[in-house]
K.L.:
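Pasting a structure below so you can have a look.
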Amino acid sequence: LPNTLQMTQIQPWENLGTHWDSRNKWLEGILSIGFGDQPGDVDTRGDRWQLILERGSKNSDGYVRHFVSCNPGTSYIIFGSAQGRTEKCGEKKVMHEACKCCWRHGISSNASQKSTRLSLTLRTYDQHWGTVFK
């Protein structure tokens, strides 16, 4: 059950770089929904945006990058290797340590956008985080 709500604003000229949420701080599953603070050119809920999914290092074999075009109001759930939790990571990385097997996620806008991207993200904070060491 989610116990944390995050609200984020990304200005039209800003991006959110690809990252792993802390691998151990949040339990399995992250739900996010994005929309605009004002009507877009095509949709009254705001402008389109892109979810970026990236795995591996840019200058190495096996590097993969996908862009998923999203309408305002699109929601997505990240879990498993897309979330990068330690127990799902083939390299058993912790916190923000880099690996080759888990996906990072981020948000890309474009210069023609007018609306600020607003998002609501639900997560479940691990109440034992930082107190249990394996």
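The figures here come from the full heavy-atom set of this structure, side chains too, leaving out hydrogens, waters and symmetry mates.
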K.L.:
Do Trp103 and Val64 have side chains that get closer than 4.5 Å, going by heavy atoms?
P.N.:
yes

K.L.:
Can you tell me if Arg85 uses its side chain to pair, donor with acceptor, with the backbone of Arg23 under 3.5 Å?
P.N.:
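Yes, Arg85 side chain to Arg23 backbone: donor-acceptor pair under 3.5 Å.
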
K.L.:
Does either side chain, that of Asn24 or that of Thr86, offer a donor lying less than 3.5 Å from an acceptor on the other one?
P.N.:
yes

K.L.:
For the CE atom on Met7, are there more than 12 heavy atoms of other groups (residues, nucleotides or ligands in this structure) within a distance under 6.0 Å?
P.N.:
no

K.L.:
Any salt bridge linking Arg123 with Asp21? Criterion: basic side-chain nitrogen under 4.0 Å from a carboxylate oxygen.
P.N.:
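Between Asp21 and Arg123 there is a salt bridge, with a charged N closer than 4.0 Å to a carboxylate O.
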
K.L.:
Tell me, do Lys93 and Trp20 make a side-chain contact under 4.5 Å, heavy atoms counted?
P.N.:
no

K.L.:
Using modelled atom types and a 3.5 Å cut-off, is there a donor and acceptor pairing between side-chain atoms of Thr8 and backbone atoms of Ser119?
P.N.:
no

K.L.:
Hey, any chance Ile33 and Ile78 share a hydrophobic cluster, counting ILVMFWY side chains that come within less than 4.5 Å of each other, even indirectly?
P.N.:
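Result: no, two separate clusters.
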
K.L.:
What verdict does the side-chain contact (heavy atoms from CB on, under 4.5 Å) test give for Leu53 and Phe67, after you've listed the backbone C-alpha separation in whole Å, the side-chain angles of each residue and the deciding distance to 0.1 Å?
P.N.:
CA-CA 6 Å; Leu53 299 170; Phe67 292 90; over 6 Å; no

K.L.:
According to a 4.5 Å side-chain heavy-atom criterion applied to Ile, Leu, Val, Met, Phe, Trp and Tyr, with indirect links allowed, do Ile10 and Trp49 form part of one hydrophobic cluster?
P.N.:
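Both belong to a single hydrophobic cluster.
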
K.L.:
Taking atom CD of Glu87 as the centre, does the number of heavy atoms from other residues, nucleotides or ligands within less than 6.0 Å exceed 12?
P.N.:
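Result for CD/Glu87: enclosed.
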
K.L.:
Who are the side-chain contact (heavy atoms from CB on, under 4.5 Å) partners of Pro39, not counting sequence neighbours?
P.N.:
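So Pro39 forms no side-chain contact (heavy atoms from CB on, under 4.5 Å) with any residue.
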
K.L.:
Would you say NZ of Lys114 has more than 12 non-hydrogen atoms from neighbouring residues, nucleotides or ligands within 6.0 angstrom?
P.N.:
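No, not enclosed.
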
K.L.:
Could you pull out all residues at least two apart from Arg48 that satisfy side chain to side chain donor-acceptor pair (under 3.5 Å)?
P.N.:
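Arg48: side chain to side chain donor-acceptor pair (under 3.5 Å) contacts with Ser69, Asn71.
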
K.L.:
Counting C-beta onward and ignoring hydrogens, is there a side-chain heavy-atom pair between His19 and Arg104 closer than 4.5 Å?
P.N.:
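Not touching, per the 4.5 Å side-chain cut-off.
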
K.L.:
Could you list the residues that satisfy ring-ring contact (aromatic ring centres under 6.0 Å, His included) with His96, not counting sequence neighbours?
P.N.:
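None.
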
K.L.:
Does a sphere of radius 6.0 Å around OH in Tyr125 hold more than 12 heavy atoms from other residues, nucleotides or ligands, not counting ones at 6.0 Å or beyond?
P.N.:
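Yes, because the 6.0 Å sphere around OH of Tyr125 holds more than 12 heavy atoms from other groups.
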
K.L.:
Would Leu118 end up clustered with Trp13 when hydrophobic side chains under 4.5 Å apart are linked, directly or stepwise?
P.N.:
no

K.L.:
Can you confirm whether the side chains of Gln9 and Thr116 place a donor and an acceptor under 3.5 Å from each other?
P.N.:
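Per modelled atom types, Gln9 and Thr116 side chains form no pair under 3.5 Å.
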
K.L.:
Using only atom types and a distance under 3.5 Å, with no angle test, would you say the side chain of Gln83 pairs donor to acceptor with the backbone of Gly80?
P.N.:
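The answer is no, because no donor-acceptor pair under 3.5 Å joins these two groups.
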
K.L.:
Decide, yes or no, whether a salt bridge links Asp126 with Lys25 under the criterion of side-chain N to carboxylate O below 4.0 Å.
P.N.:
no

K.L.:
Let's go through Thr121 and Gln6 carefully: what are the C-alpha distance in whole Å and the side-chain angles of both, what is the deciding distance for side chain to side chain donor-acceptor pair (under 3.5 Å) to 0.1 Å, and is it a yes or a no?
P.N.:
CA-CA 5 Å; Thr121 302; Gln6 174 184 333; 5.1 Å; no

K.L.:
Decide side-chain contact (heavy atoms from CB on, under 4.5 Å) for Cys89 and Ser81; before the verdict, give the C-alpha distance in whole Å, the side-chain angles of both, and the deciding distance to 0.1 Å.
P.N.:
CA-CA 6 Å; Cys89 177; Ser81 64; over 6 Å; no

K.L.:
Do Thr124 and Leu1 have side chains that approach each other closer than 4.5 Å (heavy atoms only, starting at C-beta)?
P.N.:
no

K.L.:
Is there side-chain contact between Ile107 and Arg117, with at least one heavy-atom pair below 4.5 Å?
P.N.:
yes

K.L.:
Under 3.5 Å, is there a donor-acceptor pair between the side chain of Asn15 and the main chain of Gly17?
P.N.:
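Side chain of Asn15 to backbone of Gly17, a donor-acceptor pair under 3.5 Å: no, none is there.
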
K.L.:
Give the C-alpha distance, both sets of side-chain angles, the deciding distance and a yes or no for side chain to side chain donor-acceptor pair (under 3.5 Å) between Ser115 and Asp47.
P.N.:
CA-CA 6 Å; Ser115 64; Asp47 295 308; 3.0 Å; yes

K.L.:
Flag the pair Leu31 / Tyr76 as yes when at least one side-chain heavy-atom distance between them is below 4.5 Å, and no otherwise.
P.N.:
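No, every pair of side-chain atoms sits at 4.5 Å or beyond.
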
K.L.:
Any side-chain to backbone donor/acceptor pair from Glu91 onto Lys100? Under 3.5 Å, distance only.
P.N.:
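Here the side-chain-to-backbone pair exists.
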
K.L.:
Output yes when a side-chain donor or acceptor of Ser109 lies under 3.5 Å from a complementary backbone atom of Glu14, and no otherwise.
P.N.:
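Pair found, side chain donor or acceptor close to backbone of Glu14.
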
K.L.:
In the structure I gave you, are the side-chain heavy atoms of Lys88 and Glu28 within less than 4.5 Å of one another anywhere?
P.N.:
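A side-chain contact exists here, since the closest heavy-atom pair is under 4.5 Å.
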
